[in-house]
Amino acid sequence: MYQQPPASPKPDIAAWFRTYSDRLHNDPYPFYAYLLEHEPLYYIEENGYWVASRYEDVNRIMKDPLFVREYRNALPQHQQQQAPPPPAEWRPVNELLGNWMLFRDAPAHTRLRGLVSHAFTPRTTERLKPKIRAIAEHLADGMAEQQQPDLIGSFAYPLPVIVIAELLGVPQEDRDRFKDWSSMIGRVLEGSDQPLEFAQQAGRVAEEIAGYFRQLVAERKSAPREDMISELLAAHEQGDKLTEQELIATCVLLLVAGHETTVNLIGNGVLTLQRHPEQYARLLAQPELAASAIEEVLRFESPVQMTSRLASVDYEIGGRIIRQGQSVTVMLGAANRDPAQFERPNRFDIGRSPNRHLAFASGPHFCLGAPLARLEGEIALTVLLERFPQMRLADDKPNWRPNILFRGLGSLPLRLC
Ligand code: HEM
């Protein structure tokens with residue numbers, strides 16, 4: 001059970017982060033409120049990293065090119081060549097994740113993002129609308145046949161997974177394998193203090209994933225199709241645009257992004273609406289608010305709670321100096337509840353305007369899939385409310401997954417009428 005942080009003596013914030021998944025995942029918001037008010041920029045000495053929670057600071061850190069993602073770019077120039085290699089156990093994982101645009105800086109980041117960005121513009125995404133709606137309708141049919149369907153397993157998870165698998169061109173029948181792979185990567189992304197055994201297990205999974213995609217790329221080489229793998233392969237074959245490792249890493253990033261995030265948006269959305277019956281009734285009466293409701297869910301229960309950046313120079317914020325090479329964890333979930341930015345931030349209001357939340361980050365790494373996630377979320381809410389307006393939670397206690405990075409439910413059993 002989460003305990004209210006003591007007002008004094010000074011609480012042990014480091015311990016809260018250490019035990020986050022056990023103590024805080026049910027309700028992190030009192031903790032965030034404490035950080036926002038008392039420790040908006042806090043240095044955790046034992047781990048050697050900063051925690052930033054205020055909207056203004058978080059936004060500034062993500063937008064300022066002086067904060068980078070690649071460790072070597074955070075070092076002084078004369079040390080950049082000498083950056084220590086990652087421990088051998090982590091090498092397979094690093095080979096895969098290290099080639100993600102998410103962890104690269106310009107110019108590599110710009111090149112990698114540029115190769116796929118056209119597929120995720122609002123205009124391209126809009127064309128997928130009928131298809132996403134048909135998938136959502138089909139999944140809702142499946143829910144209607146069940147006594148007490150689990151929203152996550154029957155709807156929120158398969159919807160984005162089917163969409164991204166189709167876009168990429170990976171076979172639907174391999175879905176169960178993707179699920180295990182992507183949840184393993186989700187755990188890797190969570191943090192650095194994992195034991196050696198975990199590194200070895202994750203390494204095996206990384207090699208398995210890379211092998212799977214290498215095979216798929218070989219198939220597309222002999223028989224190209226109209227999918228993203230074939231498109232990326234064409235870029236790879238043009239020469240110096242994309243290495244094979246980058247090609248595979250990009251496919252995996254898109255697959256994982258499609259697995260670990262939008263599912264949380266849909267699940268958190270239904271849960272939050274059920275916990276705020278007046279807002280649920282408002283949406284039923286005004287279905288045209290679905291897009292705005294999705295923005296408020298993104299703010300109120302952000303599917304990605306935090307990310308990080310490295311200072312490439314000594315950087316001053318609010319009278320404190322983040323030293324060159326130090327890491328800052330930026331708390332998106334806390335920034336989205338900052339009273340300096342949002343009026344009555346703990347109020348869930350599906351008509352909130354303006355609502356400039358940071359759920360998709362900001363700056364050069366702003367979520368590439370945001371238009372797709374928004375569309376999927378809006379269609380999901382619309383279809384669910386049309387089909388099951390009487391739906392209710394079958395269980396009062398939400399089953400939050402114990403992951404500090406991604407905020408989402410393991411299951412959400414519903415009664416449909
Ligand atoms: C509700 C759903 C989603 C949320 C909340 C979300 C959130 C985020 C956040 C916070 C970042 C930036 C992380 C950072 O800067 O460290 C990000 C980046 C990214 N997201 Fe999403 N995401 C969602 C869905 C998706 C989907 C569906 C896709 C594509 C299939 C996607 C693809 C990406 C990619 C490729 C990046 C890296 C962009 C870059 O580095 O330039 N995301 N996302």
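Just so it is clear, the structure is predicted and the values come from calculations on it, not from any experiment. Counting convention: from 1, in listed order, for ligands and their atoms alike.
- For atom 36 (C) of ligand 1, the closest non-hydrogen atom on the protein side is L368 N, 4.0 Å.
- For ligand 1, the atoms sitting less than 4.0 Å from at least one non-hydrogen atom of A361 are 10 (C), 12 (C), 15 (O), numbered in the order shown with element in parentheses.
- A salt bridge between E316 and R320 is absent, with no side-chain N of the basic residue lying under 4.0 Å from a carboxylate O of the acidic one.
- Remark: side-chain polar atoms of S292 are paired, donor with acceptor, to backbone N or O of I350 under 3.5 angstrom.
- The local environment of CD in E386 is crowded, with over 12 non-hydrogen atoms from other residues, nucleotides or ligands closer than 6.0 Å.
- Near H109, the atoms of ligand 1 lying under 4.0 angstrom from a non-hydrogen atom of the residue are 39 (C), 40 (O), 41 (O).
- The closest donor-acceptor contact from the side chain of D174 to the backbone of R177 lies at 3.5 Å or more, if one exists at all.
- Less than 4.0 angstrom separates some heavy atom of I164 from each of these atoms of ligand 1: 30 (C).
- Protein heavy atom in closest approach to atom 18 (C) of ligand 1: C367 CA, 3.6 Å.
- In this model, no donor atom of one side chain and acceptor atom of the other lie less than 3.5 Å apart for S411 and D150.
- Ring geometry, Y34 versus H38: the interplanar angle falls from 30° to 60°, so the pair is classed tilted.
- Residue contacts with ligand 1: M62 is excluded, as none of its non-hydrogen atoms falls under 4.0 Å.
- Residue, atom and distance of the protein heavy atom nearest to atom 40 (O) of ligand 1 are H365 ND1, 2.6 Å.
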How far apart are the C-alpha atoms of D64 and Y315, what are their side-chain angles, what is the distance that settles it, and do they pass the side-chain hydrogen bond (donor to acceptor under 3.5 Å, both in side chains) test?
CA-CA 11 Å; D64 196 325; Y315 195 100; 2.5 Å; yes
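- Taking atom 26 (C) of ligand 1 as the reference point, the nearest protein heavy-atom neighbour is G369 CA, 3.8 Å.
- In terms of protein heavy atoms, atom 15 (O) of ligand 1 is closest to R309 NH2, 2.6 Å.
- Interface of L265 with ligand 1, defined as ligand atoms under 4.0 Å from a residue heavy atom, comprises 1 (C).
- The shortest distance between side-chain heavy atoms of M143 and L384 falls below 4.5 Å.
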Show your working on ring-ring contact (aromatic ring centres under 6.0 Å, His included) between Y157 and H259 and close with a plain yes or no.
CA-CA 7 Å; Y157 179 75; H259 273 65; 5.6 Å; yes
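- Look at E343 and R352 and you find no salt bridge, because none of the NZ, NE, NH1 or NH2 atoms lies under 4.0 Å from a carboxylate O.
- Considering backbone and side-chain atoms together, T262 places no N or O closer than 3.5 Å to any N or O of ligand 1.
- In the vicinity of A373, heavy-atom distances shorter than 4.0 Å reach the ligand 1 atoms 1 (C), 2 (C), 24 (C).
- A cation-pi contact links R337 to F300, judged by a cut-off of 6.0 Å to the six-membered ring centre and 45° from its axis.
- In this structure, P364 counts as a contact residue of ligand 1, since one of its heavy atoms falls inside 4.0 Å of the ligand.
- Atom 31 (C) of ligand 1 has A257 CB, 3.4 Å as its closest protein atom, hydrogens excluded (heavy atom only).
- Interface of L332 with ligand 1, defined as ligand atoms under 4.0 Å from a residue heavy atom, comprises 10 (C).
- Numbered from 1 in the order shown, with element, the atoms of ligand 1 that lie under 4.0 Å from a heavy atom of A359 read 5 (C), 7 (C), 10 (C).
- Checking only distances, S308 never comes within under 3.5 Å of ligand 1, N or O to N or O.
- Nearest to atom 38 (C) of ligand 1 among the protein's heavy atoms is R113 NH1, 3.4 Å.
- Contact annotation for L253 and ligand 1: only side-chain heavy atoms (C-beta onward) come within less than 4.0 Å of the ligand.
- Of the options F103, F406, F360, F120, the smallest heavy-atom separation from atom 29 (C) of ligand 1 is shown by F120.
- Using a non-hydrogen distance threshold of 4.0 Å, R69 registers as a contact of ligand 1.
- In this structure, R299 is positioned above the aromatic face of F342, its NZ or CZ under 6.0 Å from the six-membered ring centre and within 45° of the axis.
- In this structure, atom 23 (C) of ligand 1 lies nearest to the protein heavy atom T261 OG1, 3.4 Å.
- Looking at S230, its side chain does come within 3.5 Å of a backbone N or O of R225 through a donor-acceptor pair.
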